[in-house]
Every structure is written in structure tokens, then in C-alpha cells.
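The structure appears below as C-alpha cells.
What you see is a predicted model; the values in this text were computed from it and never measured.
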Protein chains: 2
Amino acid sequence: MLNIALGQFEVKSGRPDLNTQKMLSMIHEAKEKNIDLIIFPEMSIPGYLLGDTWEQSSFLKDCEYHGQQIIQASDTIYIMFGNIAVDWAKFNNDGRVRKYNAFFTAYQGKLLPHPKLPYDFGIKALMPNYREFDDTRHFFSLQKLATELKCPTEDLLAPIELNLNGKTQKVGTLICEDGWSDDYQLAPLEILHKKYDIDFFVNISSSPYTLGKNNKRNRVFAKQAKENKIPLLYVNNTGIQNNGKTIYTFDGSSTVYAADGNIIAYGKPYEEKLICINLAKNSQPLPISIQDEQETAGIFEALTYGIRKFLQNIHMEKVVLGISGGIDSAVAAALYVNILGPKNVLLINMPSIYNSNTTKDLSSKLAKNLGCNYAILPIQEVVDYSIKQFETTPVINLADSSASNLHVSSFVAENIQARDRSARILAGMAASFGGGFTCNANKAETTVGYSTLYGDQSGFLAALADLWKNQVYALAYYLNQEVFHKEVIPQATIDIVPSAELSHNQAVDEGKGDPIKYPYHDYLFRSFVERWKKATPEDILQWYKENRLEAEIGCQAGLVKKYFPTPQEFIEDLERWWNLYSGIAVAKRIQAPPILAISRRAYGFDHRESQNGPYYTVKYKKLKQELLN
Amino acid sequence: MLNIALGQFEVKSGRPDLNTQKMLSMIHEAKEKNIDLIIFPEMSIPGYLLGDTWEQSSFLKDCEYHGQQIIQASDTIYIMFGNIAVDWAKFNNDGRVRKYNAFFTAYQGKLLPHPKLPYDFGIKALMPNYREFDDTRHFFSLQKLATELKCPTEDLLAPIELNLNGKTQKVGTLICEDGWSDDYQLAPLEILHKKYDIDFFVNISSSPYTLGKNNKRNRVFAKQAKENKIPLLYVNNTGIQNNGKTIYTFDGSSTVYAADGNIIAYGKPYEEKLICINLAKNSQPLPISIQDEQETAGIFEALTYGIRKFLQNIHMEKVVLGISGGIDSAVAAALYVNILGPKNVLLINMPSIYNSNTTKDLSSKLAKNLGCNYAILPIQEVVDYSIKQFETTPVINLADSSASNLHVSSFVAENIQARDRSARILAGMAASFGGGFTCNANKAETTVGYSTLYGDQSGFLAALADLWKNQVYALAYYLNQEVFHKEVIPQATIDIVPSAELSHNQAVDEGKGDPIKYPYHDYLFRSFVERWKKATPEDILQWYKENRLEAEIGCQAGLVKKYFPTPQEFIEDLERWWNLYSGIAVAKRIQAPPILAISRRAYGFDHRESQNGPYYTVKYKKLKQELLN
């Protein structure tokens with residue numbers, strides 16, 4: 001019999017001091033509960049997403065120092081934890097000091113030596129280098145070490161042995177990706193299982209929340225436990241960590257899978273908790289039933305947690321939002337009011353001559369429903385002044401001293417309005433209110449740059465920028481029904497045509513609005529970004545030709561024909577958005593605010609892109625020719 | 001005797017069509033010159049820095065298609081070129097299709113099979129994953145293939161044999177990093193040399209310009225040739241490529257090193273050219289002497305080329321710059337005028353009540369000297385209007401219907417001015433002028449976020465953001481003396497104290513200005529960013545204590561004592577900037593414009609960072625205590 005505790009806690013990236021403090025207090029709690037073994041997540045001391053902080057030797061030494069504090073606390077308890085391990089005598093391939101993503105086990109104030117390695121720790125074998133992960137940039141893998149030691153990697157894997165009450169427990173230790181080996185030549189869990197009589201597996205992870213991922217993990221890990229008939233303990237951290245542009249929530253959801261594949265212990269998402277379990281070989285605890293993740297509830301939970309933690313991290317307690325009467329700003333406002341309370345939120349409506357009474361009324365209604373602070377600051381005077389100033393100030397050609405005047409086009413005037421709202425009013429008001437202002441762009445807009453730089457594209461955080469428009473609508477209903485239990489977001493805001501209201505061509509009362517047809521474009525754009533094999537116009541046109549486009553991208557059947565009666569219209573639309581997506585939108589994303597990741601492919605570090613401009617393949621051009629003839 | 005041509009050309013990333021076109025025309029030229037072998041750079045068909053475009057199957061197929069065009073052109077000539085190679089039946093570790101960074105050799109319309117690989121191409125063995133390189137994210141390395149094939153990597157290396165005039169030539173083929181193996185367990189060049197009788201080595205590269213790198217390459221590669229007594233042909237592309245936030249120039253500088261280590265052929269930096277050479281075993285051509293790279297000349301050349309190409313890529317022909325009378329905007333203005341011509345450049349001075357006649361006069365003098373377009377647009381009216389609007393608009397608390405007013409502090413008012421200049425005037429004027437506006441921030445400002453978001457931190461390109469202030473000054477002298485051959489940048493602009501002039505506390509005529517003391521902080525900040533082992537306050541304080549700080553960071557001796565008479569003042573200054581560097585400045589860099597890379601560590605993709613806030617190690621705190629007691 002073994003009393004085990006999973007230390008699910010909020011790992012703060014780059015704060016070994018605070019993480020160690022929290023771990024020590026959990027160790028204290030575990031000792032009081034007579035726990036034999038406490039397990040902390042991957043990289044629990046330094047945190048995981050640290051950028052190039054790994055290149056600071058003094059930071060590495062500080063992590064070693066804090067690791068020692070944990071080891072010293074292991075006098076009467078086994079402690080497993082993740083930390084960076086440094087071999088100061090060796091080097092990585094970049095010439096910098098050798099660093100391992102390591103698995104430590106301590107007992108009686110000392111580290112347990114690894115049976116097969118020249119170190120007192122285990123080493124992560126599989127190094128994810130896709131999505132937001134950058135392991136290979138910083139960490140030397142077990143496979144590279146095997147090459148150096150001139151032996152097969154398999155030979156370097158072995159269980160850690162714990163001795164408790166006169167019995168030996170063989171623990172198969174894995175770090176995160178080591179348990180997701182489907183696409184690798186090496187499967188650490190299977191090797192350990194084949195070569196040794198493992199009592200249980202421990203997988204320490206630092207695994208960000210992604211929509212739908214927990215359902216998949218439960219399938220994969222339960223299967224691993226069941227097929228091998230060996231319990232598996234998955235320990236993950238909570239908190240948020242970021243790669244600069246992209247912010248990830250870590251939901252914890254630490255889980256114990258029994259030898260029959262049933263879940264017998266579970267850490268609630270985003271909750272810090274010592275999850276205690278009694279692991280006895282022949283008496284399995286009752287299985288717990290865990291509901292499959294619900295999309296909108298999961299999104300709401302991740303957004304709420306992510307925004308709250310991000311605000312805490314940057315010490316921001318007050319927020320200003322520009323609200324237009326439209327859906328995106330309304331949903332953002334409701335989220336922030338729910339997180340910060342109405343008195344810390346200031347909503348600002350900034351009408352011009354183009355804003356309808358409809359949306360102005362909806363703005364004020366939203367603010368009233370939320371009971372927060374509200375102000376109306378018109379932009380017309382400064383916009384008019386600016387246009388006049390730009391058109392009447394002489395531009396002197398100093399080569400010949402001639403003077404001329406510039407003309408402000410209606411398109412330029414639209415952007416002047418958007419920048420006046422954000423860079424002048426929201427930025428100034430937010431600073432005076434003592435907080436920041438938000439960017440409320442959704443993922444469809446972000447995909448094609450349907451926004452103004454230094455205008456609605458700006459803010460301290462783009463919390464909705466990983467949600468497609470249809471997910472924003474779903475969230476609006478969820479906020480009204482499940483969070484506020486009343487209609488805080490006016491139904492008319494949900495029903496109205498989405499519009500920027502920057503010119504008479506976007507008059508909502510005449511049903512005019514955005515050029516993006518969300519029921520179709522949401523799905524088209526998603527195929528550019530989120531598909532494992534990214535779709536391009538060539539794929540889209542091929543599917544269109546074969547009449548399976550709607551099925552491939554997942555939108556409602558019949559939409560394509562409805563929106564685009566002819567191939568020419570279809571192709572014009574496709575090229576319009578592809579040009580924007582791979583053109584000016586890239587430039588805008590480079591300067592966009594940080595984005596809170598929800599999907600399996602958020603913009604930013606998870607979706608690397610170069611400002612190279614649009615490209616059409618030879619095959620695309622042929623297909624186009626064919627369809628137009 | 002062998003007639004060889006190095007095809008140094010401008011590779012356009014993401015444009016297989018254009019690259020192939022250029023290669024075909026060079027092949028044509030080579031045939032006319034009776035060349036036996038033509039060599040193109042690494043990834044000459046797709047380009048190298050492509051972000052996640054590698055995940056588009058249709059793009060990969062398009063690269064294969066264009067590769068076939070090159071192969072077909074090899075009827076009477078050997079062609080070596082780099083391209084992506086796809087094994088559609090296998091997978092990378094991310095589950096996506098298997099991609100190799102490959103070396104192709106074609107002759108008589110067919111690819112030459114590789115003697116040791118199951119493919120008709122060679123594979124890059126060493127995968128850089130540091131700085132701006134991301135090879136491991138996309139490409140499957142030779143070492144991974146060796147693991148899969150269960151053989152040592154050495155066994156997969158072999159020369160390609162060319163048969164010409166009845167003679168066999170054994171060519172050792174390397175891709176870029178394969179020739180820089182010092183920090184790897186594997187040295188492909190040495191292995192090939194030991195196992196085979198190599199006639200000459202070919203290194204195809206896609207290697208960005210970095211200040212000082214060519215000097216180093218000439219030392220390393222000449223040594224490789226000389227020690228092995230085998231000629232080495234280095235073929236690199238020109239052009240610019242980017243990782244979104246960071247833009248790299250590729251200088252070509254293709255070089256042929258003879259068996260005695262002498263350079264016998266050389267492609268001028270940034271020039272597209274077919275470099276022809278006759279490689280005969282016993283008659284070496286005369287060595288060419290290449291001057292060591294000069295710092296400021298090299299910087300000027302890289303900036304000029306990089307800006308010009310970037311403007312071409314985004315189809316921008318006109319540029320607006322805000323000029324303050326200070327050094328950064330003056331240097332930027334001179335650079336852009338030199339590139340675009342004076343009639344395509346509009347300089348705008350935007351005075352407030354805080355701007356001195358001194359700087360206003362210097363602005364107009366600069367514009368006159370450059371003979372470009374000039375306009376003066378004061379900001380005071382809109383700034384005053386905004387402050388009044390913010391302070392008089394009632395903020396209604398809708399919970400109790402009470403109203404209050406915000407107060408605009410003097411600090412907030414400073415940022416209002418900066419944003420008014422950029423987001424209102426420059427953005428609006430640039431759009432009306434038909435171009436973009438520039439960001440003129442230098443690297444010291446960028447390091448500590450001494451700038452306003454949506455203010456002077458904005459623009460379409462931050463061309464100077466990888467230059468320390470002392471490099472900007474050097475560039476000013478260079479522009480006057482070597483480029484314009486007259487004083488276009490007024491000497492007073494060089495002599496004046498750097499100042500933002502946003503308040504009376506920054507009055508230049510009273511000698512007041514920026515809080516950054518560049519002669520010291522340039523070097524302090526550089527140690528945070530550019531040192532191979534990044535320095536932190538712990539290192540700085542240790543060096544300070546040991547009286548070797550100035551020597552370690554490279555600034556002038558005596559400055560530290562002069563600026564900071566006491567340890568307390570020293571520590572306050574250090575913490576002030578460290579807090580900014582790892583705090584708000586990270587947030588600003590996330591939203592900063594693209595940066596043109598010059599140094600060995602530019603901000604952006606080359607310097608990954610997380611918004612985690614400042615951290616002080618345990619040892620730092622002890623040192624501080626010690627020094628303050």
C-alpha cells in the first residue's frame with residue numbers, strides 16, 4: 001500500500017522562488033497526511049515557457065539551488081519533481097551549457113541515482129518541437145545522449161525503485177511527451193513495460209489547455225494503463241505561461257488511471273490541490289466518472305482563468321473596453337466584468353456620424369445590464385480636425401520649394417476613425433482610469449487583418465482572438481444563460497449584422513456590414529490555419545471542383561452556392577481573403593497584442609509565419625483556368 | 001579541369017516559381033559559358049525562412065514540381081541545388097509528412113542517386129535550432145534517419161561522383177550547418193575526408209548576414225580547406241527573408257577556398273552573379289585578397305539593402321518619417337532618402353509646446369539638406385482637446401448612477417503626445433502620401449521600452465532597432481562623410497543631448513534629456529541580450545563587486561564610478577532597467593514593428609521571450625545585501 005499525493009499547483013514561469021515555496025508547503029501538508037510519495041509536474045521549479053531565459057547561467061544556478069531545497073525536504077517522504085538539470089562540463093549543439101528537461105526523485109535528503117544514466121535524474125526522451133513547444137532549442141534529449149554514449153536509447157531507460165515498508169516499488173518515470181510517442185521511433189512507456197516489472201507509471205507534464213485535448217488524453221492514457229494493466233499517474237500544473245505573443249492556460253486536470261483504465265482520482269481544472277490517493281495493488285478505488293469536455297463551457301473556463309491570471313501577472317486591476325454595440329466587444333465586456341467586478345471596468349462608446357442609434361442604444365443597454373462604469377466620447381471633432389489638418393498643411397518639396405496638399409481618401413478616413421478611438425481615446429482614458437484597454441478582435445478578423453493597426457487591432461490583450469465568430473456567438477448565449485443568468489448581452493446585439501460602422505456603406509440599419517460572411521468564412525479560414533495539413537487555395541479549389549468543399553471545411557451545406565453562384569465569384573472571394581491572410585494580415589499580426597490560446601492552433605508562436613506575401617501554386621493556376629473556362 | 005559556376009542569386013522565400021525562373025536563366029548562361037557544374041544555394045527553390053508554410057502539402061508539391069524543371073535543364077550540365085525533399089510515405093515526429101532539407105545533384109535530366117541513402121538526394125545532418133533557425137521544427141535530420149535505419153550516421157555520408165571528360169570527381173556535399181560542426185558530436189566534413197578521397201567540398205548555404213560573421217567564416221572555412229588540402233566551395237544566396245518579427249539580409253559572399261586556404265573566387269555582398277571558376281588540381285588561380293569587414297560600412301550596406309528589399313517586397317515606394325531634430329530620426333531620414341530618393345520621402349516635424357526652437361530648426365535644416373518633402377503639423381490643439389475631453393467627460397457608475405471625472409497625469413499626457421504624433425498624424429499622413437511611416441527606435445530604447453506603444457514604438461519597420469546608440473552615431477558620421485559627402489545630418493543633431501522633449505523636464509536647451517546614459521547603458525543592455533551566456537543582475541553585481549564590470553561589458557573605464565558614486569545608486573539604476581527590460585519592455589516588443597537584424601542577437605524570433613516579469617536570484621539578493629551593508 002502506497003499513499004501518493006499529486007501536487008497540482010500553479011507553476012509561475014521564471015519564479016523558482018515562488019514555486020519552491022509552494023512546493024515546500026505542499027510537501028509539509030503531504031507529510032501531515034502520511035503521504036509516502038508526492039509528485040510535482042514537469043519543470044515545476046523554473047516553469048516551462050521561458051523563452052531564452054534558459055541562456056542565463058545565473059538563472060540555471062538559481063534553479064539548482066531551489067531544487068536543493070526540495071531535496072532537503074525529502075527526509076521522510078519520497079518527492080518526485082521536474083526541474084532543469086545542468087551538466088556544466090558539457091555542451092548543447094548551440095555551444096551553450098548542456099541542459100536537460102529532467103525528472104528528479106529525492107528521499108532522505110538525497111537524490112536517487114538513475115540506474116542507467118551517469119546522472120541522479122531521468123531525462124526527457126521525446127522533445128516536442130511543434131506548436132508552441134521549443135524543447136529542442138534548449139534541452140538535450142535522451143536520444144542525443146545515447147548517441148554520445150554510443151548505445152541505443154532503450155538502454156538508458158529504467159524504472160526508479162522506491163523502498164517503502166520493506167517493499168520495492170518500480171516506478172516508470174515519464175516526462176510529458178514521453179507518453180505521447182505515436183509519431184516517434186521510440187516509445188519509452190512500452191520499452192519500460194517490456195523490459196521491467198513496472199508497478200506504476202508516473203507522467204509529469206506541463207501541458208497547456210487546448211480545446212478537446214483532455215478528452216483525447218483520457219482516451220490515450222486510459223488505454224496505456226489498461227493494455228499494460230499498470231496504473232498511470234498524470235501530474236500537470238495549473239497557471240498560465242506564455243511565449244510572448246501567445247498565452248496558454250494550464251488546466252492541471254491531473255488524473256490517476258487505474259490498471260483497468262478507469263479514472264480513480266482527478267484534479268479539477270485550474271485548481272491548486274494536493275490530490276491524495278491510495279494505490280494498493282489488489283484493491284482498486286471506485287472509478288470516477290468524468291464528463292467529456294463541453295466546448296463552450298471549456299472555452300469560458302479557459303478564458304476566464306487566463307484573463308484573470310494574466311491581469312494578476314501584469315498587476316492590472318482595471319480595464320477599459322471600447323464598445324460598439326456589436327457582439328465581440330459585448331462578449332469581452334461581459335467576460336471582464338465577470339472577472340474584475342463592474343466597478344473596475346469602464347466601457348466607452350465612441351460614436352462618429354456613422355454610428356447608428358441602434359448600436360449606440362445597444363452599447364448603453366449593455367453597460368446598464370452589466371452595471372459597470374460607462375462614458376461616451378465622440379470622435380467626430382478630432383477626426384474632422386485631423387482630416388482638415390492633413391489636407392491643408394502644405395507639403396513643401398524642398399528640392400524646388402514648391403508646395404502641395406495631400407488628399408485624405410474615404411478609406412484613409414475610416415482608419416483615422418479607428419485609430420482615434422483606440423490610440424487616442426481608449427489609450428488615454430485607460431491610462432487615466434489606471435488600467436489597460438482590451439483588443440476585442442476575433443479569429444476570423446485576425447486571420448484576414450480586418451482591423452486597423454493602432455486602432456481596433458491594439459490593446460494589452462486579445463482575449464477573443466483565438467475564437468471564430470461562431471464561437472463568440474455561442475459564448476454570448478453561454479454568458480447570458482449560464483454565467484449571468486439574465487440577458488446582459490442584449491439579444492439585438494446577437495441578432496444585428498456585424499459591422500464596423502466606419503462609413504455609410506456599413507450602415508447596420510440598412511443591413512449592411514462586414515464583408516466577411518462568417519457562416520462560411522469562419523470555416524474557410526480555419527482550414528488555412530488549424531488543419532494539420534494546412535489548406536491552401538489549391539486544396540480549396542480542388543474540393544470545390546469535386547463538390548466536397550463544405551464537407552471538408554465543416555460549414556453548413558448549401559452555403560457556397562448561395563454566396564457564390566458562379567465559379568468566378570467563388571474564386572474572386574477565395575483570392576481576396578488568401579491575399580489578405582498571407583499579405584497585410586501577417587504584418588498586422590506581427591504587431592498584434594498577445595493572444596489567449598484556446599484552439600489547437602493559435603496565432604503567434606504556435607503559428608509561425610513570414611511576411612512573404614501570397615503564393616499560388618502551379619496546380620492552383622491550372623485548376624482556376626479549368627473552372628473559369 | 002572543371003568549369004564551375006556558383007549561382008549566387010536573390011532567393012525569394014515562398015516563391016518557387018520566381019526562384020526557378022532565375023535559376024533556369026542562370027543555367028542557360030552557364031551553358032553558354034561551357035560550365036560543367038553549376039551550384040545553387042541551400043533551399044534555393046522554396047527559400048529558407050517560411051514559418052509554417054512547410055505544413056502546406058500543396059506548397060511542398062509545388063516545390064517538387066519546380067525541382068523537376070531544374071532537373072530537366074540538366075541535359076548537358078551538372079546542377080547542384082537545395083530544395084525541400086518530401087517522403088510522402090513517412091512522417092516527422094509531429095505526425096506531419098517527412099521533410100528533408102536536401103541537396104540535389106542532377107545530370108542528363110536525372111537525379112544522381114545518393115550512394116548510401118535510400119533517396120536521390122543528400123540530407124542535412126546538422127540542424128541549427130538556435131538564433132533565428134528553426135530547422136528541427138520542420139526537417140527530419142540525417143541523424144534521425146540513421147536511428148530509424150539502425151546504423152551510425154557516418155555510414156550515411158558519402159561523396160557524389162561526377163563524371164566529366166572521362167574523369168571521376170568525388171564531391172563532398174554539405175548543407176550550411178554541416179560545415180559548422182564544432183559543437184556537435186558529428187563532423188560531416190571530417191568524416192567524408194577520412195573515409196573518401198574527396199576532390200572538393202561544396203557547402204550550399206542560406207546564411208544571413210550578421211555583423212562580423214564573414215570574418216569568422218573566412219577563418220573557419222579557409223582552415224578546413226587548408227588542413228585537408230581540399231578546395232571548398234561555399235555558395236550562399238542574396239535577398240532578404242524574415243521570421244515575421246525579424247528580417248534578415250542574406251549577403252551571398254559566396255567564396256571559393258583553394259586547397260591552400262587562399263580565397264580564389266568571391267561573390268560581392270548582396271550581388272546576384274554567376275561566379276565562374278576553373279578548378280584544376282595542379283594549377284591554382286591567384287588568390288584574391290578580401291578586406292576584413294568594416295563595422296559601420298557593413299551595417300550601412302546591410303541596412304540599405306534590407307530596407308530597399310523590404311520596401312520592394314511590400315510594394316511600398318513612399319515613406320513618411322517623423323523627425324524630431326534628434327539623431328535617430330535624422331539617421332533614418334538620411335537612409336531612406338538615399339534609398340528612395342528625396343521626392344519619395346516626406347519628413348514631418350510635429351512640435352508641441354515642449355519642443356525647443358533648437359530641435360525645430362534642426363529638423364528643418366535636415367529636411368533642407370536632404371532636399372525632400374517636408375511638413376510641420378503641430379500636435380498641441382488635439383493634445384489639449386484630448387486632455388480636456390478625458391477630464392470633462394463624465395464617467396457614470398451605472399450601479400448607482402453616480403458620475404465622476406478622470407484626471408490626466410503629466411506622465412499620461414506625455415504618452416498622449418507620442419501617440420498623437422504617430423497614430424494620428426504619421427499614420428494618417430503616410431496613408432494620404434501613399435506610403436508607410438517608419439519606427440526610428442534604436443536597440444537601447446527597445447531594450448528597456450523607452451517608447452510609447454502606438455506612439456514612437458509604431459511604424460511599418462524598425463530599421464535601427466538592432467543598433468545601439470553608439471552605432472547610430474557612427475552611422476551618422478558615415479552617412480555624412482561616405483554616402484552624402486556633405487553634412488546632411490547637422491552636427492548639432494549629433495552633439496545635442498538625446499531627449500524625447502515630452503515635458504519641461506526634458507528641455508534640451510537646459511541640457512536635460514533621456515534617462516538612458518548611453519555610453520554605459522548601451523553596453524550594460526548589450527550584456528543582457530547579446531552575450532552568449534546572457535548576463536543578469538547577479539553577474540553584473542558580481543563584476544561590479546570585483547571591479548571588472550567595465551572590462552566585462554566593454555564600456556569605457558571610469559564611467560561606472562562617474563555615473564554612480566555609491567553602490568546604492570548603482571543598484572537602483574541596475575534594477576530600474578532590469579525591471580523595465582524584463583517587464584513592460586517585453587510587452588512593447590510583442591507589439592513592435594518588424595526589426596532589421598544586424599547583430600548576432602536581434603529582438604524578435606532570434607531572442608525569444610516570455611512576459612514573465614523581472615526575477616532576481618537568491619545569489620543576487622545576497623550580493624546586494626553585502627554591497628549595501
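Note on A:Leu49, A:Ile247, A:Asn313: by heavy-atom pairs under 4.5 Å with chain B, the leading option is A:Leu49. Chain A forms the most heavy-atom pairs under 4.5 Å with one residue out of B:Lys533, B:Arg424, B:Glu538, and that residue is B:Arg424. Top candidate by heavy-atom pairs under 4.5 Å with chain A, chosen from B:Ala431, B:Ser13, B:Gly613, is B:Ser13. The candidate from B:Pro378, B:Gly455, B:Ala535 with the greatest count of non-hydrogen atom pairs under 4.5 Å with chain A is B:Pro378. If you tally non-hydrogen atom pairs under 4.5 Å between each of A:Ala375, A:Pro593, A:Gly14, A:Ser401 and chain B, the highest count goes to A:Pro593. Put simply, of A:Phe133, A:Phe310, A:Phe91, A:Phe528, the one with the most heavy-atom pairs under 4.5 Å next to chain B is A:Phe310. Your options are B:His407, B:Glu381, B:Lys12, and the one with the most heavy-atom pairs under 4.5 Å with chain A is B:Glu381. Top candidate by heavy-atom pairs under 4.5 Å with chain B, chosen from A:Arg96, A:Gln56, A:Gln611, is A:Arg96. For the set A:Val395, A:Leu377, A:Thr393, A:Asn397, the entry with the most heavy-atom pairs within less than 4.5 Å of chain B is A:Leu377. Ranked by non-hydrogen atom pairs under 4.5 Å with chain A, the options B:Ala399, B:Ala427, B:Pro394, B:Ser57 are led by B:Ala427. Ranked by heavy-atom pairs under 4.5 Å with chain B, the first of A:Asn92, A:Ile314, A:Asp420, A:Ile425 is A:Ile425. With chain A as partner, the option from B:Val412, B:Asp94, B:Asn242 having the largest number of non-hydrogen pairs under 4.5 angstrom is B:Asn242.
Neither the backbone nor the side chain of B:Ser409 comes within contact range of chain A, judged by heavy atoms closer than 4.5 Å. Contacts between B:Leu50 and chain A at a heavy-atom distance below 4.5 Å involve backbone atoms as well as side-chain atoms. Heavy atoms of B:Arg589 lying under 4.5 Å from chain A are absent altogether. Heavy atoms closer than 4.5 Å to chain A are found nowhere in B:Pro342, neither backbone nor side chain. Contacts of A:Asn415 with chain B are absent, with no heavy-atom separation under 4.5 Å from either backbone or side chain. In this structure, the portions of A:Ile590 lying under 4.5 Å from any heavy atom of chain B include both its backbone and its side chain. In this structure, no portion of A:Ala587 lies under 4.5 Å from any heavy atom of chain B. The parts of B:Tyr374 that come within reach of chain A are both its backbone and its side chain, each placing non-hydrogen atoms under 4.5 angstrom from that chain. Within the 4.5 angstrom heavy-atom criterion, only side-chain atoms of B:His66, from C-beta onward, approach chain A. There is no contact between B:Ile584 and chain A, counting heavy-atom distances below 4.5 Å. In this structure, no portion of B:Val586 lies under 4.5 Å from any heavy atom of chain A. In this structure, no portion of B:Asp182 lies under 4.5 Å from any heavy atom of chain A. For a residue to count as touching a neighbouring chain, one of its non-hydrogen atoms must lie under 4.5 Å from one of that chain's; by this rule B:Ile396 touches chain A with backbone and side chain alike. Residue B:Pro537: no heavy atom, backbone or side chain, is found under 4.5 Å from chain A. Looking at A:Phe605, both its backbone and its side chain come within 4.5 Å of chain B, counting heavy atoms on both sides. Contacts of A:Tyr65 with chain B are made by side-chain atoms alone, with heavy-atom separations under 4.5 Å and no backbone atom involved. For A:Tyr385, the part sitting under 4.5 Å from any heavy atom of chain B is the side chain, from C-beta outward, and nothing else. At a 4.5 Å heavy-atom cutoff, the contact between B:Phe433 and chain A is made by backbone and side-chain atoms alike. At a 4.5 Å heavy-atom cutoff, the contact between B:Arg419 and chain A is made by side-chain atoms alone.
Looking at heavy atoms from C-beta onward, B:Arg137 lies in side-chain contact with B:Asp52 at the 4.5 angstrom threshold. A 4.5 Å side-chain heavy-atom check between B:Leu126 and B:Ser181 finds at least one atom pair inside the cut-off. A 4.5 Å side-chain heavy-atom check between B:Ser582 and B:Asn612 finds every atom pair outside the cut-off. Proximity of A:Tyr130 to B:Asn93: side-chain heavy atoms (C-beta onward) are nowhere separated by under 4.5 Å. Using a 4.5 Å cut-off on side-chain heavy atoms (C-beta onward), A:Ser432 and B:Glu391 make no contact. The shortest side-chain heavy-atom distance between B:Tyr620 and B:Gln542 does not fall under the 4.5 Å cut-off. At a threshold of 4.5 Å between non-hydrogen side-chain atoms, the residues A:Phe59 and A:Pro16 count as touching. Between A:Leu346 and A:Met429, some side-chain heavy-atom pair lies under the 4.5 Å cut-off.
Atom NZ of B:Lys343 sits in a sparse spot, with 12 or fewer heavy atoms from other residues, nucleotides or ligands closer than 6.0 Å.
Nearest heavy-atom pair across A:Lys245 and A:Ala592 is NZ-O, 2.6 Å. The heavy-atom pair separating A:Pro46 from A:Cys63 by the smallest distance is CB-SG, 3.6 Å.
Not counting sequence neighbours, the partners of B:Arg15 by the salt bridge (charged side-chain N to carboxylate O under 4.0 Å, His left out) test are B:Asp17. With sequence neighbours excluded, the residues that form a side-chain hydrogen bond (donor to acceptor under 3.5 Å, both in side chains) with A:Glu148 are A:Lys90, A:Arg98, B:Gln185.
When each of A:Arg608, A:Arg531, A:His607, A:Arg601 is tested with B:Glu55 by the rule side-chain hydrogen bond (donor to acceptor under 3.5 Å, both in side chains), just one qualifies, namely A:Arg601.
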Residues A:Thr246, A:Asp606; criterion side-chain hydrogen bond (donor to acceptor under 3.5 Å, both in side chains); working and verdict: CA-CA 7 Å; A:Thr246 323; A:Asp606 185 5; over 6 Å; no
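Of the N and O atoms on the side chains of A:Thr536 and B:Ser58, at least one donor lies less than 3.5 Å from an acceptor on the other residue. Between B:Tyr615 and A:Asp62, the side chains place a donor N or O and an acceptor N or O closer than 3.5 Å (distance only, hydrogens not considered).
A distance of 10.0 Å separates CD1 of B:Ile416 from CD1 of B:Ile379, quoted to the nearest 0.5 Å.
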